[in-house]
Amino acid sequence: MLEEVERWLDRRSWSVADRPLERILAAKRNTKVSVVLPALNEEATVGDIVAVIRRELMSEAVPLVDELVVIDSGSTDRTAEVAAAAGARVVARDAVLPRIPAVPGKGEVLWRSLMVTTGDVVCFIDADLRDFSADFVSGIVGPLLTDPDVDFVKAMYDRPFGDTPGQGGRVTELVARPLLNLHWPQLAGFVQPLGGEYAARRSLLEQLPFPVGYGVELGLLVDALHTVGLDALAQVDVGVRKHRHQDGLALGRMAAAIYRTAQLRLSRGHLVRPRLTQFERGEKGFEPRTYAVDTEERPPMAEIAEYARRRVA
């Protein structure tokens with residue numbers, strides 16, 4: 001590990017307990033905090049997450065979160081209804097920037113969320129978390145409110161796989177961590193580089209391109225490093241993350257998209273064929289299934305005319 005990263009780990013890696021809520025609230029002043037949950041068919045969990053945030057972080061006693069928005073990415077279940085009933089403002093993905101046709105993908109939803117939120121600090125939380133704790137929000141928002149030199153904060157946590165501790169994050173260990181260590185060794189200190197819980201200043205997010213799919217977390221992390229430098233990045237230990245795990249085939253598609261995102265940042269020249277073939281056993285043996293790998297990226301939001309007009313207004 002680079003000596004620079006070892007120093008960074010001492011300086012920019014914290015526990016949620018390092019910043020009590022009282023300290024965070026005292027530092028908040030006029031800073032507005034938005035929490036965004038990207039959601040696609042998450043009726044089983046989204047309501048509980050919204051309820052916890054509203055109860056523990058949006059009360060008169062603890063007014064940490066000013067805006068709580070669920071961006072529904074075309075759910076076919078009761079995700080939107082459940083989120084609204086729990087107290088979130090629900091926005092349909094396709095209703096945001098309608099002149100730009102939406103494409104499937106988490107990154108697409110996160111990018112569009114900048115258009116319908118107003119917080120100076122924007123906090124992203126995945127909508128499939130179980131046993132959700134408000135520490136996930138206060139932990140990663142805290143450094144942005146107490147330290148003006150910090151611009152981007154990732155959550156770190158244990159990720160159990162079923163009943164086995166520490167075995168979650170398979171794509172992180174097999175793909176993302178090797179890529180970061182080999183090509184961006186300054187980022188080797190991040191425990192959960194692909195984690196979906198992170199917060200950043202709007203002034204940074206609006207400058208960054210957003211990969212539309214699975215590569216969004218790696219892309220934002222790498223681009224944030226190049227934009228503001230390592231010392232402006234941080235991570236906070238928030239405990240344990242429990243969520244729905246995807247099957248091996250889905251993880252393969254995720255890995256391909258993450259590799260593609262890394263490749264785009266390593267070279268803007270010749271790129272490999274953005275397709276992935278996997279095999280599933282069918283009636284006649286193993287049958288190939290070929291998928292397109294997410295390759296599209298949205299430009300920095302600051303370049304979008306509607307966003308620029310909103311800021312002037």
Side-chain angles (χ1 to χ4, degrees), residues 11-39 46 48-71 86-89 109-110 113-114 116-127 129 131-157 190-208 216-217 220-221 224 227-228 231-241 243:
R11 176 176 166 79
R12 291 292 191 235
S13 290
W14 297 295
S15 165
V16 67
D18 291 335
R19 288 176 176 79
L21 269 174
E22 295 78 8
R23 179 186 170 193
I24 297 172
L25 289 169
K28 185 175 186 286
R29 299 185 180 90
N30 295 322
T31 304
K32 187 171 183 179
V33 175
S34 298
V35 174
V36 173
L37 276 66
V46 68
D48 290 340
I49 297 172
V50 169
V52 168
I53 294 172
R54 286 198 60 86
R55 182 177 66 247
E56 300 187 23
L57 300 177
M58 299 182 75
S59 66
E60 284 189 22
V62 186
L64 179 63
V65 173
D66 302 283
E67 186 176 43
L68 176 55
V69 180
V70 170
I71 310 290
R89 176 162 66 96
V109 175
L110 300 184
S113 77
L114 297 182
V116 294
T117 55
T118 58
D120 308 292
V121 169
V122 182
C123 173
F124 299 124
I125 300 291
D126 280 350
L129 303 188
D131 300 332
F132 178 75
S133 167
D135 287 349
F136 274 75
V137 175
S138 60
I140 56 179
V141 167
L144 295 163
L145 298 177
T146 61
D147 191 332
D149 295 327
V150 173
D151 290 325
F152 188 99
V153 184
K154 295 278 292 191
M156 56 177 167
Y157 32 66
F190 277 93
V191 175
Q192 296 291 354
L194 299 185
E197 292 70 44
Y198 47 102
R201 301 191 190 280
R202 177 178 295 272
S203 57
L204 171 61
L205 291 173
E206 65 187 13
Q207 297 180 61
L208 304 180
V216 63
E217 272 81 31
L220 290 178
L221 188 60
T227 302
V228 294
D231 199 52
L233 313 182
Q235 60 185 349
V236 176
D237 187 347
V238 297
V240 179
R241 182 186 198 268
H243 66 113

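- Atom CG in D18 sits 9.5 Å away from atom CG in D237 (nearest 0.5 Å).
- In terms of the side chain to side chain contact (heavy atoms under 4.5 Å, CB included) criterion, residue partners of A134 (sequence neighbours excluded) are, by chain and number, V52, E56, L57.
- The shortest non-hydrogen separation linking G139 to V238 is CA-CG1, 4.4 Å.
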Inset, instruction - Dump the intermediate steps for side-chain contact (heavy atoms from CB on, under 4.5 Å) on L68 and R54, then the final yes or no. - result: CA-CA 8 Å; L68 176 55; R54 286 198 60 86; 3.8 Å; yes

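- Using a distance-only test at 3.5 Å, with no hydrogens or angles considered, a donor-acceptor pair links the side chain of S133 to the main chain of D135.
- Ion pair E197/R241 flagged as a salt bridge, since at least one NZ, NE, NH1 or NH2 atom sits closer than 4.0 Å to an Asp/Glu carboxylate oxygen.
- Here the CG atom belonging to L233 is positioned 8.0 Å from the CG atom belonging to L204, to the nearest 0.5 angstrom.
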Inset, instruction - List the steps, then state whether side-chain contact (heavy atoms from CB on, under 4.5 Å) holds for Q235 with V191. - result: CA-CA 8 Å; Q235 60 185 349; V191 175; 3.8 Å; yes

Inset, instruction - Carefully, step by step, assess R201 and D120 under the rule salt bridge (Lys or Arg N to Asp or Glu O under 4.0 Å). - result: CA-CA 6 Å; R201 301 191 190 280; D120 308 292; over 6 Å; no

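- For the pair P38 and V109, the tightest heavy-atom approach, listed with the atom from each and the gap, is CB-CG1, 3.8 Å.
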Inset, instruction - Go through the steps for V240 and D131 under the test side-chain contact (heavy atoms from CB on, under 4.5 Å), then give the verdict. - result: CA-CA 9 Å; V240 179; D131 300 332; over 6 Å; no

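- Annotation: side chain of V36 is not in contact with side chain of V70 (no heavy-atom distance under 4.5 Å).
- With sequence neighbours excluded, the residues forming a ring-ring contact (aromatic ring centres under 6.0 Å, His included) with F190 are W8, listed by chain and number.
- Contacts of V150 classified as side chain to side chain contact (heavy atoms under 4.5 Å, CB included), with partners at least two apart in sequence or in another chain: R12, W14, P143, L144, D147, V153, A234.
- In this structure a side-chain-to-backbone donor-acceptor pair under 3.5 Å is present from K154 to P193.
- Smallest separation of non-hydrogen atoms from V116 and R89: O-NH2, 2.7 Å.
- The shortest non-hydrogen separation linking R19 to G142 is CD-C, 3.7 Å.
- S59 contributes a side-chain N or O that, together with a main-chain N or O of V62, makes up a donor-acceptor pair within less than 3.5 Å.
- Applying the side-chain hydrogen bond (donor to acceptor under 3.5 Å, both in side chains) rule to S138 yields no partners; only residues at least two apart in sequence or on another chain are considered.
- A distance of 10.5 Å separates CZ of F132 from CG of D48, quoted to the nearest 0.5 Å.
- Applying the side chain to side chain donor-acceptor pair (under 3.5 Å) test to every pair with at least one member in residues 21-31, sequence neighbours left out, gives these pairs: K28-D66.
- Atom CG of L110 sits about 9.5 Å away from atom CG of L205, to the nearest 0.5 Å.
- With hydrogens and angles disregarded, no donor-acceptor distance shorter than 3.5 Å links the side chain of T227 to the backbone of A224.
- Summarising the geometry of Q207 relative to S203, their closest heavy-atom pair is NE2-O, 2.7 Å, with the distance given to 0.1 Å.
- In this structure the side chain of S34 never reaches within 4.5 angstrom of the side chain of V69, judged on heavy atoms.
- Of all heavy-atom pairs spanning I140 and C123, the tightest one is CD1-SG, 3.6 Å.
- L37 contributes atom CG, which lies 5.5 Å from atom CD1 of I53 (distance to the nearest 0.5 angstrom).
- The closest side-chain donor-acceptor pair between T118 and R202, if any, does not fall under 3.5 angstrom.
- Side-chain N or O atoms of E67 include none that pairs as donor or acceptor with a backbone N or O of V35 at under 3.5 Å.
- Residues satisfying the ring-ring contact (aromatic ring centres under 6.0 Å, His included) test with Y198, not counting sequence neighbours, are F124, F152.
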